[in-house]
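Please read the structure below before turning to the comments.
Numbered from 1 within each chain, the chains take letters A, B, ... in sequence-line order.
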There are 2 protein chains.
Amino acid sequence: MNDISPPRKRRNAGRVTLNDVARQVGVSALTVSRFFNHPERVSQALRQRIGEAVSALGYVPNLMAGSLASARSRIVGMVIPNISGPIFADTIQAFSDTLARHGHQLLLASSYFSLEQEENAVRTFLGWSPAALVVTSHFHSESTEKILAEAEIPVVETWDYQPGRAPIQVGFLHYDVGVMAARHLLDKGYRRIAFVLNSAVGDFSALERRAGYGDTLQAAGLESWSFAPSAECVPFEAGKQAMESLMKEARPPDAIIFANDNLAAGGLLTARRMGLRVPDDCAVMGFGDYAFSGMLLPALSTIRPPARLIGEIAALRVLESLSVIPSTTPLQRLNRLECELVEREST
Amino acid sequence: MNDISPPRKRRNAGRVTLNDVARQVGVSALTVSRFFNHPERVSQALRQRIGEAVSALGYVPNLMAGSLASARSRIVGMVIPNISGPIFADTIQAFSDTLARHGHQLLLASSYFSLEQEENAVRTFLGWSPAALVVTSHFHSESTEKILAEAEIPVVETWDYQPGRAPIQVGFLHYDVGVMAARHLLDKGYRRIAFVLNSAVGDFSALERRAGYGDTLQAAGLESWSFAPSAECVPFEAGKQAMESLMKEARPPDAIIFANDNLAAGGLLTARRMGLRVPDDCAVMGFGDYAFSGMLLPALSTIRPPARLIGEIAALRVLESLSVIPSTTPLQRLNRLECELVEREST
DNA sequence: AGCTGTTATGTCAGCGCTAACAATGGCTAG
DNA sequence: CTAGCCATTGTTAGCGCTGACATAACAGCT
């Protein structure tokens, strides 16, 4: 019955395409493409007319198609331990904003300090041919290392600085933070200084801070001493547990460095509930300078990491690597940032 | 000279493609494609062999190509006022995690309460043919409304609940929060209750909370009264400014509702510095239940929004709309969530 | 005039994948 | 025994865009 089968239809969905714009203006599709990607290569007159047609038709470039054709995208993937934590949020914010200012988008995933989740996220992100990838710290699973090395895109490690590593790094030496905290307490005259680790397993950076603390105490001829709260308890509880346990010892510490301000806050409030005076009976020191740290009673002495700066500089390094912005060259060294000691009432 | 020009080369870059896998196994590319997207339509035996080939070759599906071909992606865009703020971070975290569990990715942008930035973000996101779009509140520019309506993808509005609006909404009625705060203070016997607005322009939700407060006071035959800090100052400062200014009045308030906990914290500390007793001289109430709120002295009474729940349910609604997970149907009503009054020492 | 170089635009082929349709073979129902 | 059906796999034709290359037009130069 049917003579010629009609050409197979495809669900174009009536979306406005480059070709529609091109036809409207009377040029080839490529010229319109250039209008978006290399406007300087299109004559003034055409630029004007294309611009009008674009807004008249309400054309939205299909970034997927563009990325597929050019094997480049304007997506940057970021894997970070968590989003809602008080420190990383600032980094994400600054990173995202800086990218956005230069027309790039942020694809985000959290790893919860799990190397396996990090690997999954990296793998998935690579499926999107991202322009670059940003991860946290230099601790990765072996396969993640391999994948990142073979990805042939810029990779930036944040929140850490390990001299001599290949990828671009934007962060600080956690070891130094441990040294800084220990020195501060030593200068203040404390001698029995304990260190409380994070209850979150996989937070290797905290271990480096402890190493800095340990070496500093050893160099001063003092005994170092660390407490690991049971995993699986929330930071605040872990701090409480640590304080109770440490103070029960025969010779309790006269100062405690907590792996972060959440733990320190738990410790601080527990100390007060136990009737201890802070810092007279026991000094307390945190890390992170969270929003609440200055409002505690006594206000918490802590070390403030350059969270926003990390995000911003990481984004700038990414954009430089992609030649989106000119390279401000010998900045390699400026990737090593400093933490700031915030001395308040608890030490 | 040259007889036949060689076929033009393209920068394949040696990446492993579907075809490579298919060739290795000895099937067509489509079968491998089905292996990933509709595994149930591939025979057991092939599934096995394809799976092996995939990991042997280290094949990573090119999601761009897939999305282009199918006009569907597994990206969900989210536009939120800010990332690092203490409340939205939880929503983002829960949203991202829930999406990730079902193989979807989060593309994130922040609007800083600016309708224009929101519109830009939405426009850009649409270029990625996202599977769905999530925005904050029901306040959008006219063109954003239009774009969203025409997008033909699920759109979810979060952090707000306006009866009778078309898009899926997951949130609460800010008006109710205002009522709840006012009622609480009235019940406690306060009569001269002031409201302090947010210093961030564009936070329309705060205006709705104020409306709830205003109507409640009016219904009680009391005068309502609001203070707007100068824009451009950080929340903490704005709270300070408000407290100083309000307390200088001839008949100062006996209770103040702040638009959020940051403002309230500024107000609280200022009150104490001014020698006022809280809550005896002036009660203080916030909104948000930020991390520090319970640690202030006196601990801040506030209203806790279901931040994580919003993120999680928004993600579930998105996934349902996309038929990724079965629809738990008459949940429409469950999208309206409740805030919780957290009574502490400041009221 | 002829040559080179530069700028502005077009042609063509494909990026890697999947929807629509077709084909194959085994199996049941009439 | 054959039509009809399901399950499984293959063929074809793009999705919307951009790279490499080609071309045209025109300027500046010998």
Side-chain angles (χ1 to χ4, degrees), chain A residues 2 4-23 25-50 54 57 59-74 126-129 131, chain B residues 2 4-23 25-50 54 57 59-74 126-129 131:
Chain A
N2 53 357
I4 297 160
S5 63
R8 299 222 214 109
K9 265 283 158 62
R10 207 53 184 267
R11 79 274 86 144
N12 178 327
R15 189 176 165 157
V16 182
T17 73
L18 250 201
N19 269 305
D20 297 329
V21 178
R23 205 171 313 122
V25 181
V27 294
S28 81
L30 186 42
T31 305
V32 181
S33 164
R34 277 196 274 254
F35 168 82
F36 284 103
N37 301 310
H38 310 280
E40 77 283 358
R41 292 191 209 156
V42 177
S43 64
Q44 183 63 49
L46 267 183
R47 214 140 56 187
Q48 171 80 23
R49 286 170 53 210
I50 294 176
V54 164
L57 294 170
Y59 168 68
V60 178
N62 184 326
L63 301 174
M64 299 257 166
S67 304
L68 177 60
S70 65
R72 286 184 283 99
S73 80
R74 283 163 173 263
L126 281 179
W128 291 110
S129 326
Chain B
N2 54 357
I4 297 163
S5 63
R8 300 224 213 107
K9 265 284 159 60
R10 208 51 185 270
R11 80 276 85 145
N12 179 327
R15 187 175 168 158
V16 182
T17 73
L18 250 200
N19 270 306
D20 297 329
V21 179
R23 206 172 310 120
V25 181
V27 294
S28 80
L30 186 42
T31 305
V32 181
S33 164
R34 277 197 274 256
F35 169 82
F36 284 103
N37 301 311
H38 310 280
E40 77 282 358
R41 291 189 211 158
V42 177
S43 64
Q44 183 63 48
L46 267 184
R47 213 140 58 186
Q48 170 81 23
R49 287 169 53 210
I50 294 176
V54 164
L57 295 171
Y59 168 67
V60 178
N62 183 325
L63 301 175
M64 298 257 167
S67 304
L68 177 59
S70 64
R72 287 183 282 99
S73 81
R74 284 164 172 263
L126 281 180
W128 291 108
S129 325

Once you round to the nearest 0.5 Å, how far does CG of A:L68 lie from CG of A:L63? 12.5 Å
Pairing residues for B:R49 by the side-chain hydrogen bond (donor to acceptor under 3.5 Å, both in side chains) criterion, not counting sequence neighbours: none
Using whole Å, what does the distance between atom P of nucleotide C:dG16 and atom CG of B:N37 come to? 17 Å
Is B:L46 touching bases, backbone alone, or none of the nucleic acid, heavy atoms closer than 4.0 Å? sugar-phosphate
Looking at C:dG10, I'd like to know if its phosphate oxygens (OP1 or OP2) sit under 4.0 Å from a side-chain N or O belonging to A:T31. yes
Find the distance A:L68:CG to C:dA13:C1' and express it as a whole number of Å. 13 Å
In whole Å, what is the span from the CG atom of B:N19 to the P atom of D:dG10? 12 Å
Nearest 0.5 Å please: distance from the CD1 atom of B:I50 over to the OG atom of B:S33. 10.0 Å
When we call it a touch if two heavy atoms are under 4.0 Å apart, what does A:F36 touch: a base, just sugar-phosphate, or nothing? nothing
Tell me which of A:V42 and B:V60 sits closer to the 5' end of DNA chain C, going by the nucleotide each one is nearest to. A:V42
So, OP1 or OP2 of C:dT9: does either fall under 4.0 Å of a side-chain N or O from A:S43? yes
Pick base, sugar-phosphate or nothing for A:R47, based on heavy-atom distances below 4.0 Å to the nucleic acid. nothing
Base, sugar-phosphate alone, or nothing: which one does A:Y59 contact when heavy atoms must sit under 4.0 Å apart? sugar-phosphate
What integer distance in Å separates A:L63:CG from D:dT18:C1'? 13 Å
Is the phosphate of D:dC17, meaning OP1 or OP2, less than 4.0 Å from a side-chain N or O of A:R34? no
Do A:Y59 and A:F36 have their ring centres less than 6.0 Å from each other? yes
Whether B:S70 contacts C:dT18 is assessed here as follows: a side-chain N or O lying under 4.0 Å from the phosphate OP1 or OP2. Is that the case? no
Between C:dG10 (C1') and A:I50 (CD1): distance, integer Å: 13 Å
Under the side-chain hydrogen bond (donor to acceptor under 3.5 Å, both in side chains) test, residues paired with B:Q44 that sit two or more places apart: B:R47
Interatomic distance, A:F35 CZ vs D:dC17 P [rounded to whole Å]: 14 Å
Toward the 5' end of DNA chain D, by each residue's nearest nucleotide, B:A65 or B:E40: B:E40
In whole angstrom, what separates B:L18's CG from D:dG10's P? 13 Å
Length of the CG-C1' vector between B:L30 and D:dT11, whole Å: 9 Å
